[in-house]
Structure formats: structure tokens, C-alpha cells
Amino acid sequence: MNIFDERLAKLQSALKRDNIKAYVIPATDPHMSEEANAHFTTERHYFCSFEGSDGTLLVSQDEAFLFTDGRFWTEAEDELKGTKVQLIYAGKAGVKTLPEFVKEKNLYPLGLDASMFSLKDLRAFYTDGEHKLVQVSYRSLVENLPLLPQGKIWKVDPSLLSTTREERIASFRHAFEERGAKAAIVATLDDIAYLLGYRGSDIAFTPVFYSYLYLSEDRKVHLFIDENKLPNPFETDIVVHPYEEFYTFLASVKDVPTFVDPTTTNARICSLLEHRISFPSPVIREKAVKGKVEIENTKKIQAIDGIAVLKLMKYIDDNIDSGSLDEYRCAEYIDDARRHLPLCFDLSFETIAACDANAAMMHYAPTKEKHAPLTRANQLLLVDSGGQYYGGTTDTTRTFIVSKHVSEQVRHDYTLTLKSQIALSTSVFEKGCSGHEIDIRAREVMWKEGLDYKCGTGHGVGYMSCVHEGPIGFRYYHREGVYDDGILAPGQVITIEPGVYKAHKYGIRLENDLLIVPAFETDDGIFYQFETITYTPYDRRGIDIRLLDDDELRWLNNYHEMVREKLLPHCKGDSDLQAYLIMQTAPIYR
């Protein structure tokens, strides 16, 4: 029996002892973070060999199931081999959701920690009165559980923001008071960071800090945080409480009409409030629309960031025949290049550098112990990377061709991915559209050939914040637990990242960040379009020009001309890099 099955057996014994039919372990935290600190996520990793960041474990008294979506299917298939955990292909046609699965198998009483589920998600498990949910946690079974992080928080330079803290909080207060609330709770970490104008380091690659924010009836701002994290001096008009006293405090104000967002606030918080006023958080929508200062800074750092990807592209070309390259070394190279760029203070996520079959696993990342070599025997290397800058957040994917004899199928799929990206990037859409409604512009290119990528086409991007930011995204379907169907509006930054993924063969993805901008107005309406703000060449060796029409080819050449103009000033002093950039951005002719 392997170590994971041994641990599962102990958990299942505890379930039988407590007369609980099943126990649910999500990979999040009490703030509903997409990425969370190991203090909270270790429980799922302790009982399950799947290393992916997303996915929920359901453990019954005699079985165990991992629910994860199409981004992780190939990885999960490999990592669950030899264990008793069964993979459930969440989101696949005909596959039941986790709550439907629980109800069908009658896994009640169902044990869970209500603080790890939003009220909306918890309600999905509700059924008739004979069945029940049990508030329970088995985290005590986890050995060597990491402590909560202790990193200091820091104040964003006011010159990097379009608004002051007072203005942001006043806007939020006006929004919830208009709906009849006298107080408000903010539990989402990036919303707290945005409102206060502070950043932290409690979650890897995401500059947020564990805390709760309470705006009280007497117009005070209460921050619940480990006081050791605060700089000295700190804001004198913010009332500070210990992080762990938040729930006790709530009990003392439970009768006050209080705003909560049921999709982003955990169910334990919601259950303590006697007079809850629920609606989607106005902070999420306001934060997603960048002001003039944020837009100017984002474009500035995007040009800086493009240098890191360009350097990696040249590094691979210069060293591919040396026999010294591998996935991990390429990831190390671009990480080091990015960290040495002006204004960069961190990466925005763990770099994905995956060749051939590994690239078919959308969230594969090499490690020092587990990586593949990169030689001419490979077809391609997919690199998805980004940075956190004093002035913005980036997320870029390029797929590099490394074989001298790249297959026609790879070139076809690379070009198909490019066509898909161009189709959506050049869309014009009317005010009121969401990304869910125009996602088909990218998908249709793939669908016409019977292909589909099992993920969204794109996601919102934060500002010195989460690289995945709601409430916008590109997806033709609703994904449970993901809030990305918000209305598209000027000032928002969003990615477009279609791909072709062929399990155990190869994966191709191309990703740009785009700014939503006004297009024009007519008697029939107000129209918007996209401005591409990622400045990185495509690998021309992957492009089959026969598959591009004249408009697509014109877009590609115009894009490369823009990339050259943006990056050349940052190549000063490096004539080799300048020459390489000029070569990679030269016009492509039929």
C-alpha cells in the first residue's frame, strides 16, 4: 500500500467512527482564493497524489474520488496511477457535478468545513430534510501542517494608482449603502489589497495577505490581520484586530444589516449574520476596470516584460544543439531574466516550460527533480510565464519550435491556434456583451476541425495582483465555482489563449494580454474592441502561411512591427539581441 492509500485509510476509519458517509476536501482557503497558501491546501495534497493546484477530493468510507477539470485530466491520469483515488472528469459531457454525485450516491451525512466553501457552493449540496451536512475538519490528521505565513505587507506607491484609499472605500460604501446595508464584509484577498492599496506575499506569486476587512456602521475600517505583518508606522485610521478574532467579532455585530457576496464569501461567515444583504461585490467589478495611471503603467511594463520572452527565444536557438537544455533550465533562464528586469518584484505564477507530450498537460511545470531534456529530437517547447511589476501584472505564452524538421501537423496546429487568437483579437462587440458570448469567435476556428481545448479561452488579469482576475473571461459555458461571465468594459485587461492539446503527443498555446478599448458609436449602439498589449514575437517556424488569409497575414505583420517598435528601445547595448528581434519581427510574405 502506498503512502497516500495509507493516509486515506486513516481518514476513512475516522469517517466510520464519526458515522459520516463522506468528506469533501477542496484546494482553497477561507477566502475562496484560486491559489492558496500551503497552510490550507496541504490537506488535499496529503491524502491525494495529484499535484495540480485545482481539484476537489471526495472521500467516502470505502472510496475516494478526485474532481478536476479538463486543464488537469492528463496530469491527473498519470499522477493517480497506483492509488485508490478515482478521477472524475469534471465538466465533461454527461459527467455529474460534485454535488450531483454526492446526491446520487446518497453520501449523507456529508462532512465538510463550511469555511472552505462559499455560501453559493455549499447550497448546491442541500437536499431534503432527511439528509444533512456536518461541520467537521480532519486537518488534525495531517502531519507537519505548515503554519500561516508571516511576511510583511507593503504600501503601493500612490503614483502607481489612479485613486486614493479614501476614494476606493467611499465608492464601495456608497454601493452597499444604496442596497440597504449599513456594514460590509470583504473576505476576498485581492479585493482587500485593492481597497487598502497594500500588497503582501502570503500566497506564492500573488501579492496578497491573509486578512478580513469589515466596514462598520459607524464608518470605521476594521482590518483583521496578524499584527506582525504590519509596517511601522501603519494607517492610524484603520482599526486593527488579530486575524483569528474575526469570527468572534462577527458574533458581536451579527444583527447589523451587512453586505456579503455569496459567491466569494465563505459559508461560515454568512451563517453568523442575522441580517445578510447579498449581491455581487461591486469591488470586483470596479477593480477590474483599470484607470488611466494603471493602463499607462501596464503598457510600460508589458514592453519591459517582452524582453524576458525574447531573451528566452534567443537562448533556446543559441543552445539547442549543445545538449545542455532541458525544461527546468529554460524555466530558470526566463525566471532569472524576468527578475532582473526593471520594476519586476516577482513572478506572477510558476513558469510552465513543457516540451512535446508534457505540453499537452496545461498546467505542467518542471521541477529540478522532474523534467525532460530539450533537443532537436523534440518538436516544440511551450512556455507560459509572467511577472509582477511595480506597475502591473503580465501573462504570456509562446510555443517555440525546436525541430529542424517540424511535422506538418504541428505547423498546422500552431497556425490554427494563431488563427483562433487573431479571430477573437480582431472582434468588435457591442456594449453589454460578456466574454461568454463572444468566445465562439476563437472556438469556431477549432470546432470546424473537430478540435476543442478544455479550458477557457482567456481570463481577466489584475494590476499588481492576481494573474487570474474576475469577473471577466472567455468561455462558452458556465464552470461551477468560476466567476468570469461579467460584462466586458473599457479598461479591463483580459487574455486570449487558445490552444491545441493532443494527449501524450504535444500541446500548443499562444497567449496575449489585451486591453478593452472603445471602438465607435452608431445610432444602433456603443461598440468596443481589443488592443493587444503583449509584445512578443511568434515563432515563424510554426506558421504555415498557406493557412492564413490576407487579413490574418496583415494582422501578423502589423503585430510584429509593433513588437519591434516596443522592444527595440529596451535592447540598447545588446546588438545581438537587437539583430535577433529585427529578424524575428521581419514581415512574412507569401
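- Judged by distance alone, with hydrogens and angles left aside, the side-chain atoms of E469 form no donor-acceptor pair with the main-chain N or O of C466 at under 3.5 Å.
- For the residue pair D485/S434, the side-chain donor-acceptor check at 3.5 Å is not satisfied.
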Starting from the C-alpha separation in whole Å, work towards a yes-or-no answer on side-chain contact (heavy atoms from CB on, under 4.5 Å) for T585 and M562. CA-CA 9 Å; T585 56; M562 177 180 68; over 6 Å; no
Residues R554, D551; criterion side-chain contact (heavy atoms from CB on, under 4.5 Å); working and verdict: CA-CA 5 Å; R554 187 178 303 108; D551 287 339; 2.7 Å; yes
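- In this structure, P262 and S118 approach most closely via the heavy-atom pair O-CB, 3.5 Å.
- With sequence neighbours excluded, the residues satisfying side chain to side chain donor-acceptor pair (under 3.5 Å) with K229 are D202.
- Aromatic pair Y580/Y315: centroids not less than 6.0 angstrom apart.
- Under the 3.5 Å distance criterion, with hydrogens and angles disregarded, a donor-acceptor pair is assigned to the side chains of D335 and T351.
- Geometrically, R411 does not engage Y414 in a cation-pi contact, judged by NZ or CZ lying under 6.0 Å from the ring centre and within 45° of the ring axis.
- Counting only distance, with no hydrogens or angles, the side chain of T28 and the backbone of S33 share a donor-acceptor pair below 3.5 Å.
- No side-chain N or O of Y528 forms a donor-acceptor pair with one of Q492 less than 3.5 Å apart.
- Remark: the backbone N or O of T164 is paired with a side-chain donor or acceptor of E167 at under 3.5 angstrom.
- Of the listed residues (D513, T394, T532), just one forms a side-chain hydrogen bond (donor to acceptor under 3.5 Å, both in side chains) with Q302, and that residue is D513.
- The existence of a salt bridge linking K454 and D69 is excluded, since no basic side-chain nitrogen approaches an acidic carboxylate oxygen closer than 4.0 Å.
- Inspection of the D524 and T522 side chains reveals no N or O donor paired with an N or O acceptor under 3.5 Å.
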Applying side-chain hydrogen bond (donor to acceptor under 3.5 Å, both in side chains) to D574 and Q578, what does each step give before you reach the verdict? CA-CA 6 Å; D574 191 335; Q578 284 182 331; over 6 Å; no
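- A donor-acceptor pair under 3.5 Å is formed between the side chain of E327 and the backbone N or O of A372.
- Side chain of R285 to main chain of P471: no donor-acceptor pair is present (N/O by atom type, distance under 3.5 Å, no hydrogens or angles).
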Let me have the donor-acceptor pairs involving side chains of residues 192-201, under 3.5 Å, with sequence neighbours excluded, atom names and distances please.
{"residue": "Y194", "atom": "OH", "partner": "E286", "partner atom": "OE2", "Å": "3.1"}
{"residue": "Y198", "atom": "OH", "partner": "E235", "partner atom": "OE2", "Å": "2.6"}
{"residue": "R199", "atom": "NE", "partner": "M464", "partner atom": "O", "Å": "2.6"}
{"residue": "R199", "atom": "NH1", "partner": "A193", "partner atom": "O", "Å": "3.0"}
{"residue": "R199", "atom": "NH2", "partner": "Y463", "partner atom": "O", "Å": "3.2"}

Do Y559 and V563 pass the side-chain contact (heavy atoms from CB on, under 4.5 Å) test, and can you show the C-alpha distance, the side-chain angles, and the key distance before you say yes or no? CA-CA 6 Å; Y559 175 75; V563 169; 3.5 Å; yes
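- Shortest non-hydrogen contact noted between L548 and L556 is CD1-CD2, 4.2 Å.
- Judged purely by atom type and a 3.5 angstrom limit, R509 has no side-chain atom pairing as donor or acceptor with the backbone of G499.
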Full working for side-chain hydrogen bond (donor to acceptor under 3.5 Å, both in side chains) between D157 and Y390: CA-CA 9 Å; D157 190 317; Y390 296 109; over 6 Å; no
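- Taking both residues in full, the closest heavy atoms of G456 and R443 are given as CA-NH2, 3.7 Å, listed atom of the first, atom of the second, then distance.
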Please report the C-alpha distance between E511 and T396 in whole Å, then the side-chain angles of each, then the deciding distance to 0.1 Å, and finally whether the side-chain hydrogen bond (donor to acceptor under 3.5 Å, both in side chains) criterion is met. CA-CA 5 Å; E511 178 183 23; T396 303; over 6 Å; no
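- Taking each heavy atom of A442 and S420 in turn, the nearest pair found is O-OG, 2.8 Å.
- With hydrogens and angles ignored, the 3.5 Å screen pairs a side-chain donor or acceptor of Q379 with a backbone N or O of S407.
- For Y501 and W73, the distance between ring centers is not under 6.0 angstrom.
- In summary, the side chains of E497 and H459 do present a donor paired with an acceptor at a separation below 3.5 Å, with no hydrogens or angles considered.
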Can you check side-chain contact (heavy atoms from CB on, under 4.5 Å) on F474 and I438, steps first, answer last? CA-CA 7 Å; F474 291 117; I438 63 174; 3.9 Å; yes
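- Defined by atom type and a distance below 3.5 Å, a donor-acceptor pair is present between the side-chain atoms of Y389 and D305.
- Contact between I352 and H363 at its shortest, heavy atoms only, is CD1-CA, 3.9 Å.
- For the 3.5 Å distance criterion, the side chains of D413 and Q409 qualify, holding a donor opposite an acceptor.
- Here the rule is side-chain hydrogen bond (donor to acceptor under 3.5 Å, both in side chains) with R398, and of N512, T536, T534 only N512 fits it.
- Between D326 and Y328, the shortest heavy-atom distance links the atoms OD1-N, 3.0 Å.
- Put simply, the side chain of N297 gets close to the backbone of V293: a donor and an acceptor are under 3.5 Å apart.
- With ring centers used as reference points, F520 lies under 6.0 Å from F527.
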Pair K314-D317, salt bridge (charged side-chain N to carboxylate O under 4.0 Å, His left out): steps then yes or no: CA-CA 5 Å; K314 184 177 185 299; D317 281 349; over 6 Å; no
Stepwise side-chain hydrogen bond (donor to acceptor under 3.5 Å, both in side chains) check, H436 with D484: CA-CA 8 Å; H436 283 218; D484 66 355; 2.7 Å; yes
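- With R168 contributing its side chain and T163 its backbone, the two residues share a donor-acceptor pair below 3.5 Å.
- Of the possible donor and acceptor atoms, none in the side chain of Y477 sits under 3.5 Å from a partner among the backbone N and O of G91.
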